[in-house]
Every structure is written in C-alpha cells, then in structure tokens.
Amino acid sequence: QVQLVESGGGLVQAGGSLRLSCTASGSIYSIKAMGWYRQAPGKQRELVAAITSGGSINYADSVKGRFTISRDTAKNTVYLQMNSLKPEDTAVYFCYARIVETGAMNGVDYWGKGILVTVSS
C-alpha cells in the first residue's frame, strides 16, 4: 500500500510565501511523476505543477514565475515553493504521484488527502 502525506499549508497574507511538502511511502518500486493539484471552493480541481522522473516540469499559467516545484528522489518527496501568493491561490492543495509498486508492471495514480492554503488580502 502506498501513502502520500502532505504538510506545510496554512494561512498567509497576500505577497507571502509557503512551502508544501509531500512524501510518498509504502511498497514503492519507482515514481514516474509527482505534482500538485488544487481545488478552490466551487471550482474544479486543476493542475498547479508537476515533475516527471526525467525532470520535465509543467506549471499552470497562473503560477508561472511565482511557484517552483522540486523533488528529492532519495526521499520520495516533492516540494512546492509558493511565493508572491495571491488570494486567488486559496484552495485545498492535493499531492499526486504516479507510482509503480514493487512487483507491479504499470504505474498507479495516488493522491494525498489535501492540505488547505488560505491567502488573506
């Protein structure tokens, strides 16, 4: 069984910064990709940033230049450094990982429980 555990959310004023972390644990053979999605009240879940095992990175246009995704492969951990936060960044942020479990042939998508980020104006 695989688990994703997020940390680092909270309340911050507009213009401030937060750093989210997500660590995968369990029967992991390899991690193909990790990333972050977010869901604001009344809106659909959207991709924020993702990074593949090969190092390819993708950002939502709304966060380019403000957010930085990085990964510690040895720790099975992905980070999201969020700077210049805006009230519209307020959402529940979900960690995502595509993981090949030990003994498996294909990757499976796993999700964290979500962590709240609130940006006050």
Side-chain angles (χ1 to χ4, degrees):
Q1 190 73 346
V2 172
Q3 283 188 319
L4 301 181
V5 178
E6 302 122 327
S7 62
L11 173 65
V12 65
Q13 288 189 330
S17 298
L18 282 174
R19 188 192 194 207
L20 304 183
S21 300
C22 172
T23 298
S25 62
S27 183
I28 298 170
Y29 176 72
S30 67
I31 300 178
K32 298 298 186 183
M34 297 188 80
W36 295 91
Y37 282 70
R38 68 185 180 187
Q39 187 165 17
K43 295 188 177 181
Q44 290 188 332
R45 190 175 297 190
E46 62 175 1
L47 172 70
V48 177
I51 182 168
T52 69
S53 57
S56 295
I57 292 175
N58 187 33
Y59 292 104
D61 287 343
S62 59
V63 307
K64 284 180 181 177
R66 300 188 298 121
F67 291 10
T68 302
I69 189 170
S70 61
R71 178 176 172 179
D72 187 330
T73 303
K75 295 181 179 180
N76 290 336
T77 298
V78 65
Y79 305 96
L80 185 68
Q81 178 66 43
M82 304 186 293
N83 299 328
S84 302
L85 282 160
K86 305 175 181 179
E88 51 263 43
D89 294 318
T90 295
V92 177
Y93 284 69
F94 296 90
C95 177
Y96 152 85
R98 176 160 293 176
I99 293 173
V100 179
E101 293 185 63
T102 303
M105 293 292 292
N106 300 310
V108 175
D109 293 344
Y110 288 91
W111 293 89
K113 293 181 179 180
I115 191 165
L116 180 62
V117 171
T118 303
V119 184
S120 63
S121 56

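Worth knowing before you read on, the calculation uses all heavy atoms, side chains too, and leaves out hydrogens, waters and symmetry mates. No experiment lies behind these values; they were computed from the predicted model shown.
Taking 4.5 Å as the limit, some side-chain heavy atom of Leu20 sits within range of a side-chain heavy atom of Val117. Counting heavy atoms from C-beta outward, Arg38 and Ser62 have side chains that approach closer than 4.5 Å.
The main-chain N or O of Val119 is found under 3.5 Å from a side-chain atom of Thr90 such that the two form a donor-acceptor pair. Judged by distance alone, the side chain of Arg66 and the main-chain N or O of Ser84 form a donor-acceptor pair under 3.5 Å. Of the possible donor and acceptor atoms, one in the side chain of Glu6 sits under 3.5 Å from a partner among the backbone N and O of Lys113.
At a cut-off of 3.5 Å, with distance as the only test, a side-chain donor of Asn83 or Ser17 sits close to an acceptor on the other residue.
Between the CD atom in Gln3 and the OG1 atom in Thr23 there is a gap of 11.5 Å [rounded to 0.5 Å]. For the atom pair CG of Leu18 and CG of Asp89, the computed distance is 10.0 Å after rounding to the nearest 0.5 Å. Taking CD1 of Ile99 as the reference point, atom CD1 of Ile28 lies at 4.5 Å (rounded to 0.5 Å).
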Trace of the side chain to side chain contact (heavy atoms under 4.5 Å, CB included) decision for Ile31 with Asn76: CA-CA 8 Å; Ile31 300 178; Asn76 290 336; 3.5 Å; yes
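Listed by first then second residue, pairs satisfying ring pair (Phe, Tyr, Trp, His ring centres under 6.0 Å) with a partner in residues 59-78 number zero, not counting sequence neighbours. Evaluation of the salt bridge (charged side-chain N to carboxylate O under 4.0 Å, His left out) test over residues 12-32, restricted to residues two or more places apart or in two chains, returns none. For the disulfide bond (SG atoms under 2.5 Å apart) condition, the pairs that include at least one residue of residues 41-121, sequence neighbours left out, are Cys22-Cys95.
Every residue two or more places apart in sequence or in another chain was checked for a salt bridge (Lys or Arg N to Asp or Glu O under 4.0 Å) with Glu88, and none qualifies.
If you chain together ILVMFWY residues whose side-chain heavy atoms come under 4.5 Å of each other, Tyr29 ends up grouped with Val100. Cluster partners of Val92 are Tyr37, Leu47, Phe94, Tyr96, Trp111, Leu116, counting Ile, Leu, Val, Met, Phe, Trp and Tyr whose side-chain heavy atoms approach within less than 4.5 Å, directly or via other members.
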